[in-house]
Amino acid sequence: MNIFENYLNKIKVAVDQLSKKNLIILPDNLSSLSVDTPPQNIKADISTNISMILSKINKKSPMALGEIIKKKLLEDVNISAIEIVKPGFLNITLKSTIWNELIKNINENPYQYGVNINSRKKNYLIEFVSANPTGPLHVGHCRGAILGDVISNILIFNKHKVFKEYYVNDYGNQIINFTKSVYLRCRELLFKEKFPTDPDLYPGDYVIQIAKNILKDNPKINYKNFDEISNLLSSLAVKESLQLIKENLNKLGIKHDNFQSETELVEKNEVHNVINKLSKKNFIYKGRIKAPKNQNKTDWIEREQLLFRSTDFGDDKDRALQKGDNSWTYFASDVAYHNFKLERKFDKLINILGADHAGYIKRITSSVDALSGEKNKLICKVSQLVKLIKDGKPFKMSKRKGDYITVEDLVGEVGKDATRFIMLSRTSDVELDFDFAKVKEKSKDNPLYYVQYCYARISSVFRNLNKNINDEVNIKNYDFNYSADEIKIIKKISQWPLIIEISSNKLEPHRIPIYLYELASEFHSYWNMGKDDENKRFINNEKKISDEKILFLKSISNVIKSGMNIIGVDTPESM
RNA sequence: GCGCUUGUAGCUCAAUUGGAUAGAGCGCCUGACUUCGGAUCAGGAGGUUCUGGGUUCAACUCCUAGCAGGCGCACCA
């Protein structure tokens with residue numbers, strides 16, 4: 001039940017009826033019509049801009065139009081009063097029956113409350129993380145991983161289908177260097193050869209462990225000639241590091257539905273096929289890329305090469321598909337990968353990218369546009385950098401020194417829940433400060449515990465009454481008189497479907513932790529009123545609780561639990 | 001140089017996507033524990049929303065020109 005949506009529709013019907021009686025003129029569409037909560041200082045329950053948006057076409061002042069619409073709307077039995085306020089807002093006060101209706105709705109179907117029933121159900125593919133399989137995940141990967149996971153959860157909450165995929169970049173130079181590193185570690189272990197200091201190699205200790213695992217499982221391989229065993233060793237090494245990555249993701253509570261190998265697509269000739277497909281549509285040509293102006297590129301080699309016309313779709317320049325040695329560029333195989341996504345007939349594709357890949361968005365969306373003939377088939381979300389702060393100072397990670405924080409370190413130190421909650425609490429396109437000290441702190445400085453504490457307090461009420469918070473409550477007549485302080489919280493609860501709708505439409509999960517924090521805040525405030533006013537306490541002097549208070553508490557705890565489930569964070573009953 | 005992105009209270013950030021007097025937390029000041037859990041709460045101080053121009057009933061939000069920070073810029077992935 002979404003009160004705002006209900007009244008949006010009611011207002012549409014009302015003005016439609018007025019227009020049929022020739023009392024007002026309606027524009028072609030009412031897309032700018034809004035129905036939402038008025039600011040704090042206004043006492044009404046809902047507010048609409050209807051008379052302002054009709055003002056121009058009717059050549060009447062919003063105040064005058066407001067009078068006509070007000071009269072019509074007052075026919076609604078649930079409206080008790082309407083005030084017209086300059087510059088022309090209609091502020092509507094509802095009868096308390098509406099809050100009972102809302103409470104009833106939540107209690108009868110707690111896990112459906114907030115689901116956007118009207119949106120068309122779609123089939124999504126979301127690609128996220130996709131870190132190179134050359135080692136465990138570090139903190140930088142973490143934010144995008146959580147973002148992708150929670151966007152999936154929001155869509156699933158709204159009854160969409162979601163397929164979560166990880167693209168494994170197991171093809172190209174990085175993998176060759178990684179395989180070499182593993183090879184050299186094997187030789188180090190077998191023949192006591194010193195591991196060289198080459199900037200292209202991967203020096204991390206985990207490579208030693210990977211080498212040990214491979215040696216143990218494959219004792220018969222001849223480790224004397226790299227070229228002979230490179231293909232086999234490569235697949236073994238990638239398998240090992242994927243195992244590490246999966247363990248990392250598991251610690252964060254993330255599980256992909258599929259790990260798609262890049263090599264597999266190359267070997268199946270998918271790159272060739274997709275380039276043929278694009279050639280037929282005339283998006284491929286042989287040409288040259290000029291060096292960028294005013295940039296000192298002394299080593300620029302201009303040469304004839306296979307290019308994709310991404311400029312047709314608004315990109316700065318056309319993009320190379322083949323390297324100098326005629327092997328495919330990363331972009332070429334990624335186009336093949338996206339073609340493979342399209343072949344699986346998803347309605348929408350979502351990519352979660354790191355900030356350093358933002359410049360890549362134009363060309364990949366161009367390729368999807370070209371292949372699908374649709375616009376906005378692929379939506380890319382960027383997750384900005386995480387600035388780590390340790391001991392009050394920024395912490396710089398350095399791969400060469402082996403001085404970087406892995407997901408394992410992070411989750412081990414601050415925990416899965418705190419990591420997820422904090423990583424989500426800002427819009428994804430803003431840099432995020434991640435202060436270890438603050439995230440670990442168990443106080444109001446840490447919003448996670450603040451919200452969890454709210455749930456735990458509600459649980460404690462049920463515990464004290466020897467009841468279970470999860471037990472069903474059967475009520476016949478919902479005709480309670482909630483106090484103004486209670487209605488304030490119920491109103492906050494009424495906004496939950498709105499939060500879900502916006503988060504879902506904009507793929508912006510950060511609104512959920514922020515909302516939950518606000519809801520928890522109002523609850524804590526109410527709780528403390530119980531110190532002065534016995535009527536505000538949940539358990540009365542006879543050690544009992546009224547039905548209206550039970551329902552009130554359950555409505556809050558249900559929304560908190562729904563929200564925390566979406567974020568992927570626990571709601572302990574005691575802390 | 002070009003592209004993307006950010007700029008809001010001393011600090012870290014919100015703002016129902018164009019709505020009314022721009023809101024929270026931290027920090028600072030003053031207060032509340034014979035209590036259903038103080039991991040909490042009540043109150044106070046703190047603003048030219050980076051700057052200029054434009055669009056309209058209405059701009060933190062949209063357009064435009066700047067300023068400042070971040071990221072990226074073929075033959076890496």
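The separation between A:Arg426 atom CZ and B:U8 atom C1' is 14 Å, rounded to whole Å. Nucleotide B:U5 holds its C1' atom 13 Å from the NZ atom of A:Lys362, rounded to whole Å. Atom CD in A:Glu573 sits about 14 Å away from atom P in B:G37, given to the nearest Å. The nearest whole Å value for the distance from the CG atom in A:Leu65 to the P atom in B:C57 is 14 Å.
Interface residues of residues 322-331 of chain A facing RNA chain B, ordered by number: A:Lys323, A:Gly324, A:Tyr330; criterion, heavy-atom separation under 4.0 Å. Sorted by residue number, the members of residues 532-548 of chain A with any non-hydrogen atom under 4.0 Å from RNA chain B read A:Arg537, A:Phe538, A:Ile539.
Base contact: A:Asp36 has a heavy atom under 4.0 Å from a base atom. Within the 4.0 angstrom heavy-atom criterion, no nucleotide atom of any strand lies near A:Arg319. A:Asn169 comes within 4.0 angstrom of the backbone, heavy atoms only, and of no base. Contact annotation for A:Pro39: base contact, defined as any heavy-atom pair under 4.0 Å involving a base atom. Nucleic acid contact class of A:Ser32 (heavy atoms, under 4.0 Å, all strands): none. As judged by a 4.0 angstrom heavy-atom cut-off over every strand, A:Ile514 is placed among residues touching the sugar-phosphate backbone only. Note on A:Glu508: a base of the nucleic acid sits closer than 4.0 angstrom, heavy atoms only. Within the 4.0 angstrom heavy-atom criterion, base atoms lie near A:Ser574. A:His510 comes within 4.0 angstrom of sugar-phosphate atoms only, judged by non-hydrogen atoms across all strands, and of no base. Within 4.0 Å of A:Asp315, counting heavy atoms only, lies no atom of the nucleic acid at all. Using a 4.0 Å heavy-atom distance criterion, A:Lys56 is classed as a sugar-phosphate-only contact. As judged by a 4.0 angstrom heavy-atom cut-off over every strand, A:Lys290 is placed among residues making no nucleic acid contact.
Relative to the ring axis of A:Tyr285, A:Arg309 places its NZ or CZ within 45° and under 6.0 Å from the centre.
A donor and an acceptor atom, one from each side chain of A:Lys543 and A:Asn466, are nowhere located under 3.5 Å apart. Between A:Glu486 and A:Tyr526, the side chains place a donor N or O and an acceptor N or O closer than 3.5 Å (distance only, hydrogens not considered). Side-chain N/O atoms of A:Ser504 and A:Asn158 include a donor and acceptor closer than 3.5 Å. Judged purely by distance below 3.5 Å, without hydrogens or angles, the side chains of A:Asn132 and A:Thr134 never pair a donor atom with an acceptor atom. Remark: the A:Glu508 side chain and the A:Ser503 side chain contain no N/O donor-acceptor pair separated by less than 3.5 Å.
With centroids closer than 5.5 Å and planes inclined by less than 30 degrees as the test, A:Phe89 and the base of B:A20 pass as a stacked pair.
Contact check on A:Glu534 versus A:Arg537 returns no salt bridge, with no Lys/Arg side-chain nitrogen under 4.0 Å from an Asp/Glu carboxylate oxygen. Under 4.0 Å is where a charged nitrogen must lie from a carboxylate oxygen, and between A:Glu518 and A:Lys492 at least one such pair does. With respect to A:Asp316 and A:Lys362, no salt bridge is recorded, no charged nitrogen being found less than 4.0 Å from a carboxylate O. With salt bridges taken as basic N to acidic carboxylate O contacts below 4.0 Å, none links A:Glu83 and A:Lys70. Classification of A:Asp471 and A:Lys467 as a salt-bridged pair fails, no side-chain N sitting under 4.0 Å from a carboxylate O.
For A:Gln384, the listed nucleotide lying nearest its side chain is B:U5; candidates were B:U5, B:A77, B:G38. Ranking B:G70, B:A14, B:A32 by closeness to the A:Glu431 side chain, first place goes to B:G70. Taking the side chain of A:His524 as heavy atoms from C-beta on, and the options B:U17, B:U6, B:U40, the nearest nucleotide is B:U40. For A:Ser34, the listed nucleotide lying nearest its side chain is B:U17; candidates were B:A20, B:U17, B:G37. Closest to the side chain of A:Asp356, from the set B:A77, B:C41, B:G72, is B:G72. Counting only heavy atoms from C-beta on, A:Gln174 has its side chain closest to B:C76 among B:G38, B:C76, B:A74. You'll find that the side chain of A:Asn528 is closest to B:A32, out of B:C73, B:A39, B:A32. Ranking B:U16, B:G19, B:G25 by closeness to the A:Tyr517 side chain, first place goes to B:G25. Considering only the side chain of A:Ile502, B:U16 comes nearest among B:U16, B:G25, B:A77. Closest contact between the side chain of A:Gln40 and the listed nucleotides B:G37, B:G23, B:C75 involves B:G23.
Checking the phosphate oxygens (OP1, OP2) of B:A15, a side-chain nitrogen or oxygen of A:Arg511 falls inside 4.0 Å. The side chain of A:Tyr450 contributes an N or O atom lying less than 4.0 Å from OP1 or OP2 of B:C41. Phosphate proximity of B:G37 to A:Asn464: present, with a side-chain N or O under 4.0 Å from OP1 or OP2. When the side-chain nitrogen and oxygen atoms of A:Asn173 are compared with OP1 and OP2 of B:C76, one or more of them lie within a distance under 4.0 Å.
Ring pair A:His357/A:Tyr360 is perpendicular by interplanar angle, where above 60° counts as perpendicular and below 30° as parallel. The aromatic rings of A:Phe538 and A:Trp527 are tilted relative to each other, their planes meeting at an angle between 30° and 60°.
For the pair A:Val461 and A:Ile46, nearest-nucleotide mapping onto RNA chain B gives the more 5' position to A:Ile46. Place A:Asp433 and A:Ser460 on RNA chain B by their nearest nucleotides, and A:Asp433 ends up nearer the 5' end.
As rounded to the nearest Å, B:G27 and B:A9 have C1' atoms that lie 12 Å from one another. Rounded to whole Å, the P atom of B:C60 lies 11 Å from the corresponding atom of B:U51. Rounded to whole Å, the P atom of B:A77 lies 37 Å from the corresponding atom of B:C62. Between B:A39 and B:G3, the distance separating the two C1' atoms is 47 Å to the nearest Å. Separating the C1' atom of B:G7 from that of B:C13 is a span of 13 Å, rounded to the nearest Å. Rounded to whole Å, the P atom of B:G70 lies 28 Å from the corresponding atom of B:C76. Comparing B:G47 with B:C11, their C1' atoms are spaced 15 Å from each other, to the whole Å. As rounded to the nearest Å, B:A59 and B:U64 have C1' atoms that lie 15 Å from one another.
Side chain A:Ser47 to base B:A20: a donor-acceptor pair is found below 3.5 Å. At a cut-off of 3.5 angstrom, the base of B:A20 holds no donor-acceptor pair with the side chain of A:Asn41.
Within the 4.5 Å cutoff, no side-chain heavy atoms of A:Glu262 are placed close to those of A:Tyr337.
Pairing of B:A22, defined by two Watson-Crick or G-U wobble distances under 3.5 Å, is not identified with any nucleotide. Under the Watson-Crick or G-U wobble criterion, with both distances below 3.5 Å, B:C4 is paired with B:G70. Of the nucleotides present, B:U51 is the one that pairs with B:A65 by Watson-Crick or G-U wobble criteria, both distances under 3.5 Å.
B:U34 shows a glycosidic angle more than 90° from 0 and is accordingly assigned anti.
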